[in-house]
Amino acid sequence: MATATKTPPGADPKQLERTGTVREIGSQAVWSLSSCKPGFGVDQLRDDNLETYWQSDGSQPHLVNIQFRRKTTVKMLCIYADYKSDESYTPSKISVRVGNNFHNFITCSEKILNINVSKLLVCTVYVPIYLFI
């Protein structure tokens with residue numbers, strides 16, 4: 001997702017897209033995963049259904065690779081986290097790396113997700129990750 005303004009934490013990116021605040025560009029990319037269980041792959045990760053999801057099936061780190069056909073400016077990623085549903089599968093750290101190929105990646109953003117188990121109601125949220133290179 002790209003945006004010109006800061007997005008409030010927890011804001012629904014689909015609603016922001018309807019208002020013109022952000023633009024979804026993921027469909028312009030080729031997506032791949034380090035691993036997945038059958039029926040829990042890229043299609044479920046990208047299908048806009050909060051009841052479906054990607055489930056990895058391998059050792060860490062778990063990776064989502066998003067490759068654009070040409071140089072593309074991405075200012076923000078939005079990830080939906082639901083601790084009540086995911087529990088131990090909810091990531092605690094997300095690292096975003098960019099580059100021209102797999103051999104020259106640099107980390108441009110890292111986000112630590114502070115999941116407060118005693119406040120599960122606030123643990124279902126869209127997490128915006130702003131990218132700075």
Side-chain angles (χ1 to χ4, degrees):
M1 298 222 150
T3 183
T5 60
K6 291 280 187 179
T7 303
D12 181 348
K14 287 294 176 189
Q15 191 171 22
L16 293 171
E17 186 177 14
R18 285 190 293 275
T19 64
T21 305
V22 300
R23 185 168 56 101
E24 206 285 328
I25 60 172
S27 61
Q28 299 173 19
V30 175
W31 292 64
S32 62
L33 305 169
S34 56
S35 68
C36 68
K37 292 190 176 183
F40 295 91
V42 170
D43 291 341
Q44 291 73 34
L45 177 68
R46 300 245 329 123
D47 69 4
D48 291 332
N49 180 349
L50 298 180
E51 301 298 317
T52 61
Y53 49 90
W54 163 47
Q55 188 171 14
S56 62
D57 189 22
S59 58
Q60 292 186 10
H62 304 304
L63 303 173
V64 177
N65 295 302
I66 307 168
Q67 294 176 276
F68 290 92
R69 295 178 194 343
R70 61 180 182 266
K71 287 186 180 181
T72 303
T73 300
V74 178
K75 295 181 182 178
M76 181 185 73
L77 298 175
C78 217
I79 297 173
Y80 181 75
D82 184 349
Y83 184 83
K84 278 199 268 189
S85 296
D86 299 337
E87 295 183 12
S88 66
Y89 295 103
T90 301
S92 58
K93 177 182 174 183
I94 298 170
S95 176
V96 179
R97 294 174 225 154
V98 299
N100 293 324
N101 60 57
F102 286 108
H103 304 291
N104 71 350
F105 283 147
I106 60 166
T107 300
C108 68
S109 183
E110 284 194 348
K111 180 90 170 187
I112 304 297
L113 302 182
N114 293 317
I115 302 297
N116 185 340
V117 178
S118 65
K119 296 182 180 177
L120 289 177
L121 293 177
V122 298
C123 293
T124 301
V125 65
Y126 287 96
V127 179
I129 301 172
Y130 301 99
L131 308 179
F132 304 99
I133 300 176

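Everything quoted here is computed from the prediction, not taken from an experiment.
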Could you tell me the separation between the [atom1] atom of [X] and the [atom2] atom of [Y], rounded to the nearest 0.5 Å?
{"X": "Asp43", "Y": "Trp31", "atom1": "CG", "atom2": "CH2", "result": "11.5 Å"}
{"X": "Arg23", "Y": "Leu16", "atom1": "CZ", "atom2": "CG", "result": "14.5 Å"}
{"X": "Ile94", "Y": "Leu77", "atom1": "CD1", "atom2": "CG", "result": "9.0 Å"}

Answer yes or no: is there a side-chain heavy-atom contact under 4.5 Å between [X] and [Y]?
{"X": "Val30", "Y": "Arg69", "answer": "yes"}
{"X": "Asn65", "Y": "Leu33", "answer": "no"}
{"X": "Val74", "Y": "Val96", "answer": "no"}
{"X": "Leu45", "Y": "Tyr53", "answer": "no"}
{"X": "Phe40", "Y": "Thr52", "answer": "no"}

Around Gln28, counting heavy atoms of other residues, nucleotides and ligands shown, do more than 12 lie under 6.0 Å from its CD?
yes
Is the shortest side-chain N to carboxylate O distance from Arg46 to Glu24 below 4.0 Å?
yes
Stepwise side-chain contact (heavy atoms from CB on, under 4.5 Å) check, Asp48 with Lys14:
CA-CA 9 Å; Asp48 291 332; Lys14 287 294 176 189; 3.2 Å; yes
Report the relative orientation of the aromatic rings in Trp54 and His62; use parallel for angles under 30°, tilted for 30 to 60°, perpendicular for over 60°.
perpendicular
Does the side-chain hydrogen bond (donor to acceptor under 3.5 Å, both in side chains) test come out yes or no for Asp57 and Ser35, once each step is laid out?
CA-CA 5 Å; Asp57 189 22; Ser35 68; over 6 Å; no
